[in-house]
Amino acid sequence: MEKNIHFKLNGKDVRLTSSPERMLLWVLRSDLEHTGTKYSCGEGFCGACTVLVNNEAVLSCQYPIQDVSGKEVMTIEGLQQNGKLHPLQTAFMQHNALQCGFCTPGMIMGAYSLLLRNPQPSSREIVEDLEGYLCRCGSYNRIIPAIQTAARTMKGQRS
Amino acid sequence: MKDDEYIPFNEEKGTESIKLDRREFLKLLGGGIIISFSVGDLFALQQRRRGSGYPEDFNAYLRIGEDGRISCFTGKIEMGQGIITSLAQMLAEELDVSLNKVDMVMGDTALCPWDAGTFGSRSTKYFGPPLRQAAAEARAVMIQLAAEHLRTSEENLISKDGMILMRKKPKIKVSYAQLAKGKKIERHLEKKPQIKHYSKHTISGKPADRSDGRQKVTGEAKFAGDIRLPGMLFARILRPPAHGANLKNVDTSDAERMKDIQIIRDNDMIAVLHKHRDVADKALGLIKAQFEPSTSKLDNTTIFNHLKDTASDGSVVTEAGNLDEGKSQAGKTFDKAYFNHYVAHAPTENHTAVVKIEGDKATVWASTQAPFRAQGEIARVLGFPSQNVRVITPFVGCGFGGKNQGPQIVEAARLAKLSGKPVQVAWSRKEEFFYDTFRPAAVIEIKSGLNSSNQIVFWEYHNYFAGSRSSQPFYNIPHHRVLSYGGWGGRGGGGSPHPFGVGAWRGPGSNTNVFAIESHVDVMAEAAGMDPLEFRLHNLTDDRMKRVLRAAAKKFGHSFSKAPSGKGYGIACTDYLGTYLATMAEVNVDKRTGEIRVDRVVCAQDTGEVINPEGVRMQIEGCIIMGLGYCLTEEIRFKDGRILDENFDTYEIPRFSWLPKMETVLVDNPEMPPQGCGEPAITSMGAVIANAVYDAIGVRLFVLPMTPARLIEALNKEQNVTGDKNRSIPLPTIS
Ligand code: FES
Ligand code: FES
């Protein structure tokens, strides 16, 4: 049975009718044409589809749309503020922390949620937290310092 | 590349089924100054391109637009390897413009001239030099035009940052944009113009950030699966459970009852289509189908014997001297076999394609390393002339050789034709593992011998299905013979040696060959009573190779001892199509769990002239990390035609926690033209880790990947051997 579902996507109200067990990933990618969030393994093993729901990282390929009702969803498209890149985005560019870039949106969203919980993570903490995120191009060694650079920039912005 | 970054394409003109003449072709590009040039063998090119609708005497070109922006049109594609940046650097350098003025238009069959495909670390090596010359020619044209414009002679002029200025009075100047305005000039590069000496470079040879970074961190970068078209349907296709399993019967009635589902049956293909992919998925799950069992009876334990049994007669890859003579000189002889299992490409982006058909024209967006091959295939399937098929390659999420072939493109084309709608086919991860053209399982046997001064005097090499790249000995061995009994590719099934498709995998052939060769060299080094670095230098006459070994050793900082030293140091070197490299590693082995932890990897690489040092380092690092996978865990398990690894839960690829400390040394060699760098450094990983493991615990693994189970098994065998110190290395286990 289809249901009406309301939620906020990157700060904007979204209302749609959908069968409630459909996964958020597909609603984002096909119904809402937000294609920044990627499909890679489809079964919760790679992190490419990571988005934030109420500021917590979730794997959207495993997250039924009914569970976002009344919540705030943030995707990679919502990270820029008024056309200004988020420090994580700038730092990923600065450190060349990507090659093909397919894992990048998920990585950045995962890192974003980590920094919310832990604003100055050590490299060990980054490794532990992002262990479930796969990068076949092997950019891991650049992603870690990129996250730390972003953490420093964000600290500077706060103080 | 974003779709809207493509030059507007005049479909009328661009897809006429008559052959385009040069004038029409150039008209597509608009005004400005165009320099066309050819890469590689023009005759071969003309043969292959005949009838494709393109002018036949060039296969790449660049344009100085009326806005002063420079575009380079090439059929090469960007899949993470960074040529979008390094090629732009070469062009910007020679033309004297800043890097951000250059647009790379890549892999669009309507705008870019024919190209065989992007693989083999060839783009910079083969495409780079003529691109440079074309850019130098373009600069010469600018100077000519400026001389007319400024009413002076050419000698008085210099080029700088997109401007031509008077040498003596630099205030008097004219920009490329002004010069190109209203012009329509086409030049074909005939003679080779003078290019800059590397010592004058200010853009090339300097680290440059990825020019595609911004699109990729914002989620704006479009991959094939991100293409959205009005009315587009997502297709999911019924697949057999095993290779070689044929469909017996099928019942689609439950799926048919779902709302808005379209079901298409076309010979062997049964597909469900819906505007949402997950709904199509659900419908697919409702199809009940029965298949005959596969006729294949092979699995991971029987494959190596099977490969040897089915091998055809060997062909000689290279030989010198006389093996019998070499054998008679040898005091110590060695006879070992090395094995590796099937390995998946496992790109993050699954094979994907979108096809839109309008009338007798098709537009295709595909994750492919070979857009022109795809164009030909689709034309054949649809019965269209090639020039009516436009293949656009958006960004590609990893290739590694796995996207040279594109069966998903053909599937999407068939379904678009039958459904009358634009169709997207994006394989699931399970399909990706099922239809991958795996790196082949392979067997290498080496017999060799040392004389009394520890020189390798003979080398007999038997290669079963690895592919022959990097199998030519680079040590100084007077009597050698390298035989190959079958290459790396093949469709699989039927009478072929492999139960499923196999193909090129990042550094094809070389990963297996270097594992075998450089493991075997260590076996001999130990018998010679020498440390593995000393033994290599002792048997090398190639100074370039000695230089990279020394450079790596310097960075590594530890000295090697005769193995096993207990320290866990490994070494391996190789020549990959002209790129030389030496890798050294430090590992820790947990004898209880059998786990190997790679703590540090140093790689020194001589890749000729370096265009983008940052890009080269990224490729080396990526190679090291990806290489750890096939060394330690990656192995496709299969049984009776079924692929047992279906996702990343059981098929383990490297993760954050595997990360070793990595150090790269770029050995300076600017006199040599640039060589490839996307693949070389991965090829030495098997041997460097196997050698380091042996150095750590005195147990050698002859099978890749070196899983904990294999290590424990080898350790147990070791303990069962009596304490004879002069025993031979344990025989390989085939498991
Ligand atoms: S696509 Fe969701 S975890 Fe891989
Ligand atoms: S950048 Fe390619 S998978 Fe991470």
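Order of the sequence lines sets the chain letters (A, B, ...), proteins ahead of strands, with each chain counted from 1.
Taking the side-chain contact (heavy atoms from CB on, under 4.5 Å) definition, one finds that A88(B) meets it with L99(B), V102(B), M104(B), sequence neighbours left out. S122(A) pairs by the side-chain contact (heavy atoms from CB on, under 4.5 Å) definition with R124(A), E125(A), not counting sequence neighbours.
Put simply, of E77(A), R22(A), Q80(A), the one with the most heavy-atom pairs under 4.5 Å next to chain B is R22(A). Heavy-atom pairs under 4.5 Å with chain A were tallied for K216(B), M626(B), H345(B); the largest tally goes to K216(B). When C398(B), S657(B), G219(B) are compared by the number of non-hydrogen pairs under 4.5 Å with chain A, S657(B) comes out ahead. Most heavy-atom pairs under 4.5 Å with chain A, from the set L659(B), N647(B), D209(B), I653(B): that is N647(B). Ranking M662(B), Q81(B), K430(B), E614(B) against chain A, the residue ahead of the rest is E614(B), based on heavy-atom pairs under 4.5 Å. Note: D278(B) leads L628(B), T352(B), D278(B) in heavy-atom pairs under 4.5 Å with chain A. In terms of heavy-atom pairs under 4.5 Å with chain A, the best-connected choice from T218(B), N350(B), I625(B), D212(B) is T218(B).
With a 4.5 Å cut-off on non-hydrogen atoms, D649(B) touches chain A through its backbone and its side chain both. When heavy atoms are compared at a cutoff of 4.5 Å, E646(B) does not approach chain A at all. Using a 4.5 Å cut-off between heavy atoms, K282(B) touches chain A through its side chain atoms alone. Interface residue F223(B): only side-chain heavy atoms are found under 4.5 Å from chain A. L85(A) touches chain B through its side chain: at least one heavy atom from C-beta onward sits under 4.5 Å away, while N, CA, C and O do not. Within the 4.5 angstrom heavy-atom criterion, only backbone atoms of M79(B) (N, CA, C, O) approach chain A. Using a 4.5 Å cut-off between heavy atoms, M232(B) does not touch chain A at all. Using a 4.5 Å cut-off between heavy atoms, R655(B) contacts chain A through both its backbone and its side chain. Only the side chain of I143(A) comes within contact range of chain B, judged by heavy atoms closer than 4.5 Å.
Chain B is approached within less than 4.5 Å, heavy atom to heavy atom, by G36(A), K38(A), Y39(A), S40(A), C41(A), E43(A), F45(A), C46(A) from residues 36-48 of chain A, ordered by number.
One distance of note links CG of N10(A) with NE2 of H34(A); it measures 5.0 Å at 0.5 Å rounding. Distance CE/M74(A) to CG/N54(A): 12.5 Å, rounded to 0.5 Å.
Of the possible donor and acceptor atoms, none in the side chain of E663(B) sits under 3.5 Å from a partner among the backbone N and O of V602(B). Formation of a donor-acceptor pair under 3.5 Å by the Y140(A) side chain with backbone atoms of W658(B) is not found in this model. W505(B) contributes no side-chain N or O that, together with a main-chain N or O of G401(B), makes up a donor-acceptor pair within less than 3.5 Å.
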For this session: Please report the C-alpha distance between R506(B) and R439(B) in whole Å, then the side-chain angles of each, then the deciding distance to 0.1 Å, and finally whether the side chain to side chain contact (heavy atoms under 4.5 Å, CB included) criterion is met.
Result: CA-CA 9 Å; R506(B) 197 176 199 176; R439(B) 179 175 124 189; over 6 Å; no

For this session: Dump the intermediate steps for side-chain hydrogen bond (donor to acceptor under 3.5 Å, both in side chains) on S69(A) and Q66(A), then the final yes or no.
Result: CA-CA 6 Å; S69(A) 262; Q66(A) 60 185 345; over 6 Å; no

Problem set entry | H351(B) vs E432(B), side-chain hydrogen bond (donor to acceptor under 3.5 Å, both in side chains): CA-CA, chis, key distance, verdict | CA-CA 7 Å; H351(B) 281 67; E432(B) 193 68 37; 2.7 Å; yes

Counting only pairs under 3.5 Å, give me each side-chain donor-acceptor contact of residues 101-108 of chain A, with atom names and distances, residues two or more places apart or in other chains.
{"unit_1": "T104(A)", "atom_1": "OG1", "unit_2": "G101(A)", "atom_2": "O", "d": "3.2"}

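Ion pairing between a basic and an acidic side chain is recognised when a charged N comes within 4.0 Å of a carboxylate O; E78(B) and R210(B) show such pairing. For the pair R29(A) and D226(B), the salt-bridge criterion is met [side-chain N within less than 4.0 Å of a carboxylate O].
Between H276(B) and W26(A), the distance from one ring center to the other does not fall under 6.0 angstrom.
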